[in-house]
Each structure stands twice: as structure tokens, then as C-alpha cells.
There are 2 protein chains.
Amino acid sequence: MIRIAIADDHYLLLGGLKEALNAVPDLEVIGTAGDGEEFVALVETHGPDVLLIDIEMPKLTGIQALRKLKNAPAAIVMTMHTGDDNLKRAEAAGAVGFLSKETRLPDLAAAIRAAAAGETLIGAENLDEILDRHRQPVLDAGASALTARERELLGLLASGISATDEIADAMFISQKTVKNHLASIYEKLAIADRAQAAVEAIRLGLHRRDT
Amino acid sequence: MIRIAIADDHYLLLGGLKEALNAVPDLEVIGTAGDGEEFVALVETHGPDVLLIDIEMPKLTGIQALRKLKNAPAAIVMTMHTGDDNLKRAEAAGAVGFLSKETRLPDLAAAIRAAAAGETLIGAENLDEILDRHRQPVLDAGASALTARERELLGLLASGISATDEIADAMFISQKTVKNHLASIYEKLAIADRAQAAVEAIRLGLHRRDT
DNA sequence: TGGGCCATAGGGCGTACGACCTATTTGCTA
DNA sequence: TAGCAAATAGGTCGTACGCCCTATGGCCCA
């Protein structure tokens, strides 16, 4: 589990980003801050693995906050305006990554994993290769062991299809096979019943929230 | 359920905002767009109830996109830079709300509800009063009818405590009372078993994801 | 060609689950 | 003060659920 701290004075982005990153199985947002001073305190208190920092912030800019942190963990600087001077200043302050806020979530997640693994993204000419390498390398411990059919069944559970006969109809298999798949899921995820399976399914992002 | 369309070229905000708003029980993001043209098509196809529009966008700015829409639903304009001329242009284009991206999620949700209810936020001198009036006025149909103890039980379910005896121990009540509460929950939420209850509990935000 | 994994399916068994009904105590409020 | 809702608890009943075991056909790969 990679522990992340976010600094941004745009609360919509802050709250949303937190939700989105927490929905990624191996990422966890341990705290957020709306200005530089708050952020420095947050990082020193909780010791996250990776920092996500917006440049434009009140009190202390992201760059200043980063400079202020001794032994700072890997930091990724985000900005609205990807000017060249911003990049250079971020690099000088010790950032290992520099992203536009137009970046998409999977790329951000990959960048965070890369940063947590100690890789430097700024100035890397093989950036795509690095990101690809960190693109969901592992899901959860047991989740990666799930077969396609098992994931499909979990998807149904997460969308509220819980009765054996309904699942069987939806998957065009017998009720017996549904139970077999469930038993296999229980073992792999170390859980005991459908309710827990539903919780796990949602946590693993196996639900389709858009139809 | 208020159906929302979002336009923003910053994908981090777009994805995050979508996650955050979908987590609000009475709100549903039915589509997102990264530029003005895409957005116009999205709105005309899906007919959302409320529009969330960023001003700064490629191809068509938010203002231009809004002008282009005939019979546009209630529109809230968001921006990074709350300049006075931006506000006036948004108003002229037919927006009913104008928010900085520093707005916090509960305020945004209230503004969306107000807009969906046909209220105009721009230029309203009693803005706070309007927002307060729409601050979670209703949860879900049945969800607001849930009692404190029922919510507590759902919280346990959402965190993976699903067996009757475990719930009973955690809540310091008999197994019988657990079943009574569950039966009451099933009726109020129109569901049938613990697995569906777990799904609903998570959707209603009754789980504590930060310990 | 054999072994392994997956998807499919069936049977039997014990029990936890959900449905329906009743009942007591507490606390608010009309 | 009477009434009502919430929280607590008990009983019965039928069945869906989870567990264990066996089995077959398809596929891949060593």
C-alpha cells in the first residue's frame, strides 16, 4: 500500500483526487492540505511515501513547501500551467516527477508507483516505458489470482445481483456453477460470504458504475 | 437522482470530481467531456439535469459551448480564476451558478441541487441561505428513514463484518436484534439480503474508509 | 501425452439467513 | 398523559447458502 499526501488549494480537485486514488487498490491517501504550511506539517506528522503537490498555493507555494522539507519522500509536482521554468524549479527543489493536471488517472497512478519505487521521471527520455512498467503491476494479493469468470461474478455482486438464481441467469450457467465460483472466490480472497465478497468487489473496482 | 454532465480539460479533476459526485447518493455523473465540442454532443445526447462547465477548454470554451446549447439545462460554471469579467460572461451565456474550484464538495453538491431545483445562484445576495437549504435536504428515498442503529449496522457490513454473531458482538446486542435491524433495513432500502445491503452501504458512504 | 487449470455441473449436509409475529422498555412529543 | 417510534429480544419455519466431494470437457504447455 503506497501512502500518499496531497497538497492543492482547489478543494474540488483535492476531494475528488482523494476519492479517485483511494479507489485504486494499492494506493491510499493519508492526508490532504490546502496550503503549503499545512502540507509541511502533514508530511512531517504522517510520513507518507509519495507527495502530490500543486505549485500554485497560498502561504507557501508547492515548490517552497518542498524545499522546506528535509528528507522529503518522492515528490510529484502537478500544475495547471506546464511552463518550462516551472519544471526546472520543481526539479531544483527535488521533485522526481512533473505532471500536468490533464494527466489521466491511470498515468498518475503509474507515476505514483514509479516514484514510490524510487524512479525519477523528470528528464527521463523513456518516460512511457517507465509508466508502462508500473501500470497496475499487481492488483491485490489474491485478486490477481481471480479468473475472468470470477471477476465477472464479483461485478454482478457489486451491482446488487446477489441471489444464486439471478447470478446464474445473468451468466448463463447453472446455480451449481455459481456456487462453485463463489467458493473459489471465498478461498482466494480469504472471505466467507456474499456480503464480504460484495465489499471486496467494490474495493477492487470490479463494479461498472457507468452502464 | 440528479443527472450531471461535466466539462473540463483537466482530466485529474474530471475523473476525481466524477468519483466524488457519484459517491453522493442523490447525484449521478452521466458523462464527462474534455473539450467544448465533445461536451455539446454529450449534453444533446444524454439530456442531463445540470451542467458543470469549466471556462478554460480547448476547441470551444465553456462559455461558447453554453451559448451553443439551445434549451440548455441549468448550468454551473467553474473556473480557476474568478475574475469579474468571467462571471459576467458566464451570466450572459445563461449560467445560473458561478463557482471557484476552491469550492468544497458539500457546497458544490448543494449548488447542484439548487440549480436542479431551478434556483439562480448568480447575483443572489442570500447565497448562503440557498445553499443551506439544499445541503443534503434528502438522502436517498429510503436512506433518510434509516435510524442511527441501522446506519451503524450498515457501516459494519460495509467494512466486512457480515456474520450475525460478529455484528451482534460489535454492537453489543443479541443476534435476534441484529436480524430485526436487518429486516428493517431490507424493507426501507427495498433490498433482500446482506450482500445487497453491503453494496448500498458503500454507495451511501456509510463505511469509514479512513480508520 | 500427460499434467494442470479453468469452466462447467451434480449430490448431500448442516446451518445461517430471511420472513412473519409478538412483546418489553425507553424516550419524545403532541 | 396518551401515543408513537426506536431499540431491544424471543419464537417458528422454510429455504437459500456455504462446505465438501466427485466428475467431465477444453485448453495450454512442458
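Note that these values count all heavy atoms, side chains included, but never hydrogens, waters or copies made by symmetry. Letters go in sequence order (proteins before strands), and every chain restarts at 1.
Whole-Å rounding puts the Asp165(A) CG to dC17(D) C1' distance at 12 Å. We find that CG of Leu182(A) is positioned 15 Å from P of dA16(D), with the value rounded to whole Å. Put simply, CZ on Arg194(B) is 11 Å from P on dA19(C), counting in whole angstrom units. The distance between atom CD of Gln196(A) and atom C1' of dC17(C), rounded to the nearest whole Å, is 14 Å. Between the CE atom of Met171(B) and the C1' atom of dA9(D) there is a distance of 14 Å, rounded to whole Å. One can place NZ of Lys179(A) at 13 Å from P of dG12(C), the figure rounded to the nearest angstrom. Between Lys176(B) atom NZ and dG11(D) atom P the separation is 10 Å, expressed in whole Å. Distance Leu153(A) CG to dT8(C) P: 10 Å, rounded to the nearest Å.
For the OP1/OP2 pair of dT8(D) and a distance below 4.0 Å, the side-chain nitrogens and oxygens of His181(B) include at least one atom meeting the criterion. For the pair Tyr186(B) and dA19(C), the criterion of a side-chain N or O lying under 4.0 Å from OP1 or OP2 is not met. Look at Thr147(B) and you'll find a side-chain N or O under 4.0 angstrom from OP1 or OP2 of dA7(D). An OP1 or OP2 oxygen of dC17(D) is reached within less than 4.0 angstrom by a side-chain nitrogen or oxygen of Thr164(A). Considering only side-chain N and O atoms, Arg149(A) lies nowhere under 4.0 angstrom from the phosphate OP1 or OP2 of dC6(C).
Across all strands, Asp193(A) comes closer than 4.0 Å only to sugar-phosphate atoms, never to a base (heavy-atom distances). Nucleic acid contact for Ser174(B): sugar-phosphate only, since backbone atoms but no base atoms lie under 4.0 Å from a heavy atom of the residue.
How far CD1 of Ile30(A) is from CG of Asp49(A): 8.5 Å, rounded to the nearest 0.5 Å. Met78(A) CE to His10(A) NE2: the interatomic distance, rounded to the nearest 0.5 Å, is 10.5 Å.
Between the side chains of Arg194(A) and Thr164(A), at least one donor N or O lies within less than 3.5 Å of an accepting N or O.
For Asn180(B) against dA9(D), a side-chain-to-base donor-acceptor contact under 3.5 Å is present.
The only member of Ile55(B), Leu99(B), Val96(B) that meets side-chain contact (heavy atoms from CB on, under 4.5 Å) when paired with Val77(B) is Ile55(B).
The closest side-chain heavy-atom distance from Phe98(B) to Ile76(B) is not below 4.5 Å.
Nearer the 5' end of DNA chain C, as judged by each residue's closest nucleotide, is the contact made by Phe172(A), out of Ser162(B) and Phe172(A). Comparing Ile173(B) and Gln175(A) against DNA chain D, the residue whose closest nucleotide sits nearer the 5' end is Ile173(B).
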